[in-house]
Student: 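I'd like to ask some things about the structure below.
Side chains included, hydrogens not; waters and symmetry mates left out as well; all remaining heavy atoms used. Letters A, B, ... are given to chains in the order of the sequence lines, protein chains preceding strands, and every chain is numbered from 1.
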Protein chains: 2
Amino acid sequence: MPSPNALAEIGALIGDPGRANMLDALLDGRALTARELAECAGVAPQTASGHLAQLIDAGLVRMERQGRHRYHRLASAEVARLLEHVAQFVAGAGSTPRHSVRTGPRDLALRMARTCYDHFAGRLGVGIADALLARGYIELDADGGTVTDAGQDFLHGFGVAARLGKRPRRLFCRPCLDWSERRPHLAGALGIAIACRCFELEWVRRTSTRAVTITAAGQRGLRETFGISL
Amino acid sequence: MPSPNALAEIGALIGDPGRANMLDALLDGRALTARELAECAGVAPQTASGHLAQLIDAGLVRMERQGRHRYHRLASAEVARLLEHVAQFVAGAGSTPRHSVRTGPRDLALRMARTCYDHFAGRLGVGIADALLARGYIELDADGGTVTDAGQDFLHGFGVAARLGKRPRRLFCRPCLDWSERRPHLAGALGIAIACRCFELEWVRRTSTRAVTITAAGQRGLRETFGISL
DNA sequence: CGGACGCTACGGCCGCACCCGTAGCATGGG
DNA sequence: CCCATGCTACGGGTGCGGCCGTAGCGTCCG
């Protein structure tokens with residue numbers, strides 16, 4: 001049975017709160033030990049070990065030994081996409097917002113700017129997408145997006161052209177709906193390239209969590225380059 | 001808590017075999033009654049009713065009353081995308097195929113040609129994508145795809161141009177990895193338009209399941225138009 | 001209007017699997 | 001060489017949730 005049981009199998013894997021917390025902790029792309037993940041999930045290390053064995057067996061998580069430590073990370077960016085896709089469906093995205101939209105007071109930093117495995121999300125990610133869209137550098141619709149000729153020039157000036165390859169054909173950028181802003185931001189090759197460049201310029205800096213902080217240089221650079229002021 | 005519990009909540013919803021079977025039965029886009037879905041899942045009607053209440057509450061399923069019947073269908077095409085996305089991850093797509101790749105002997109018709117909510121999948125869907133790609137009518141990469149100028153002309157001749165709108169800008173087609181063929185096929189606006197046109201021409205016909213049968217006219221048309229012989 | 005049908009609401013049963021004890025194995029450092 | 005560390009392997013306890021009884025309400029036909 002390929003499809004029906006597969007759905008249930010993967011769903012049950014994601015469905016357990018402990019495993020869900022671990023996967024969420026891994027969403028920034030880092031590699032963590034079983035002990036660290038156990039703390040994230042709020043369970044004992046041996047419990048976490050069992051969960052990790054299941055996740056590895058299903059191909060969602062990859063483990064690599066390094067000395068006497070064993071680091072666990074998501075198996076691929078595709079897994080991160082899947083998890084973000086699932087997280088979008090919290091309580092009927094389209095229809096009636098049943099309970100009043102609960103804005104988590106705790107994670108303001110996460111809502112402001114965070115990494116989504118390999119690109120930016122939150123107000124930072126949405127802001128960049130909006131800026132590129134408003135200036136006619138990209139075009140988006142429900143299925144995907146492309147970089148315009150003017151956008152190619154802009155990206156070249158921003159210093160990400162090399163990272164995107166020199167192929168003359170159009171570049172694709174995958175829109176990725178944001179769970180906090182409920183609006184699309186840029187993933188795919190373009191999203192990766194922009195995020196890498198921002199780290200390179202030290203406009204943003206990683207924290208201990210998925211949230212990223214915007215440096216003073218970043219405030220200035222984002223305003224001058226994209227017209228964003230956070 | 002927006003993300004972590006959301007992951008677990010939706011995951012647990014998909015994770016139950018009963019609910020997974022119901023969702024799978026709804027993947028072709030039809031609306032079914034609670035009784036029919038109960039039979040699909042192999043549970044009693046009142047059990048199915050409880051499951052459906054949960055799915056509706058979470059916004060995955062929509063219910064509409066019609067006389068004394070209550071029809072249930074997926075809330076949106078986006079839900080169908082999610083379920084297909086989840087189903088792709090059966091047993092580590094990328095790495096080692098743990099058990100020998102079990103080809104379901106039962107569902108040969110499904111592997112050959114089926115609907116994926118609003119577009120074609122299986123060998124039919126992959127074959128169409130391959131044909132368009134080989135003839136230079138579309139371009140694909142990991143993040144998305146576009147229709148070329150030659151492709152625009154071809155689609156116009158095939159009779160789907162009107163359905164896609166007359167806007168001069170490029171059309172986007174979302175690649176959708178197939179769980180049986182493990183290769184991309186066409187979803188999005190383009191995939192929908194092609195599928196609709198094939199039904200219109202009576203090249204394919206719906207069956208009682210998600211599988212579709214290819215008519216004699218379809219065999220001929222697919223061969224002449226796309227060079228596909230199934 | 002009476003009967004049949006379709007569905008939902010409540011209660012108890014039961015089983016799965018999550019969870020954490022302790023024990024045992026591999027790796028690295030002193 | 002011995003000890004410390006990190007992890008996995010088994011065992012039993014427990015709680016959540018699926019499953020199906022019966023009961024009750026609304027909707028359509030004769």
Student: Compare side-chain N and O positions of Thr47(A) against OP1 and OP2 of dC20(C) and report whether any pair is under 4.0 Å apart.
Tutor: yes
Student: Could you tell me whether the side chain of Thr213(A) reaches within less than 4.5 Å of the side chain of Met112(A), counting heavy atoms only?
Tutor: no
Student: Can you tell me how far P of dG6(C) sits from CG of Leu37(B), to the nearest Å?
Tutor: 15 Å
Student: Counting C-beta onward and ignoring hydrogens, is there a side-chain heavy-atom pair between Leu83(A) and Leu26(A) closer than 4.5 Å?
Tutor: no
Student: Grab the NE2-C1' distance between His51(B) and dC7(C) for me, whole Å please.
Tutor: 16 Å
Student: Report the nucleotide, chosen from dC7(C), dG6(D), dC20(D), that has the shortest atom-to-atom distance to any side-chain atom of His69(A).
Tutor: dG6(D)
Student: Would you check if Met22(A) and Cys40(A) make a side-chain contact, meaning some heavy-atom pair closer than 4.5 Å?
Tutor: no
Student: When the distance from CZ of Arg35(B) to C1' of dA4(C) is rounded to whole Å, what number comes out?
Tutor: 12 Å
Student: Report yes if some heavy atom in the side chain of Leu23(B) is under 4.5 Å from a heavy atom in the side chain of Val61(B); otherwise report no.
Tutor: yes
Student: Please work out if Gln54(A) contacts a base, only the sugar-phosphate, or nothing of the nucleic acid, heavy-atom cut-off 4.0 Å.
Tutor: sugar-phosphate
Student: Could you check how far OH of Tyr71(B) sits from P of dT8(C), rounded to whole Å?
Tutor: 14 Å
Student: Tell me yes or no: between the side chains of Thr33(A) and Glu36(A), is some donor less than 3.5 Å from an acceptor?
Tutor: yes
Student: Ignoring the backbone of Ala44(B), work out which of dG6(D), dC20(D), dC7(C) is nearest its side chain.
Tutor: dC20(D)
Student: Just checking, Arg65(B) and Tyr71(B): is the charged tip under 6.0 Å from the six-membered ring centre and within 45° of the axis?
Tutor: no
Student: Nearest-Å distance, CG (Asn21(A)) to P (dC18(C))?
Tutor: 14 Å
Student: Are Trp203(A) and Phe158(A) an aromatic pair, judged by ring center distance below 6.0 Å?
Tutor: yes
Student: Could you tell me how far apart Glu39(B) (CD) and dC7(C) (P) are, to the nearest whole angstrom?
Tutor: 12 Å
Student: Looking at CD of Glu78(A) and CD of Gln88(B), how far apart are the two atoms once the value is rounded to the nearest 0.5 Å?
Tutor: 6.0 Å
Student: Nearest to the Asp16(A) side chain among dC7(C), dC19(C), dC7(D), which nucleotide is it?
Tutor: dC19(C)
Student: When every nucleotide of nucleotides 8-15 of chain D is labelled 5' to 3' by its protein contacts under 4.0 Å (heavy atoms), B for base, S for sugar-phosphate only, - for none, what sequence of letters results?
Tutor: BB------
Student: Can you tell me the distance, in whole Å, between the CD1 atom of Ile14(B) and the P atom of dG18(D)?
Tutor: 14 Å
Student: Pick out the pairs of N or O atoms, protein on one side and nucleotides 28-30 of chain C on the other, that lie under 3.5 Å.
Tutor:
none

Student: How would you label the contact of Arg65(B) with the nucleic acid (heavy atoms, under 4.0 Å): base, sugar-phosphate, or nothing?
Tutor: nothing
Student: What pairs with Thr207(A) under side-chain hydrogen bond (donor to acceptor under 3.5 Å, both in side chains), at least two apart in sequence or on another chain?
Tutor: Thr209(A)
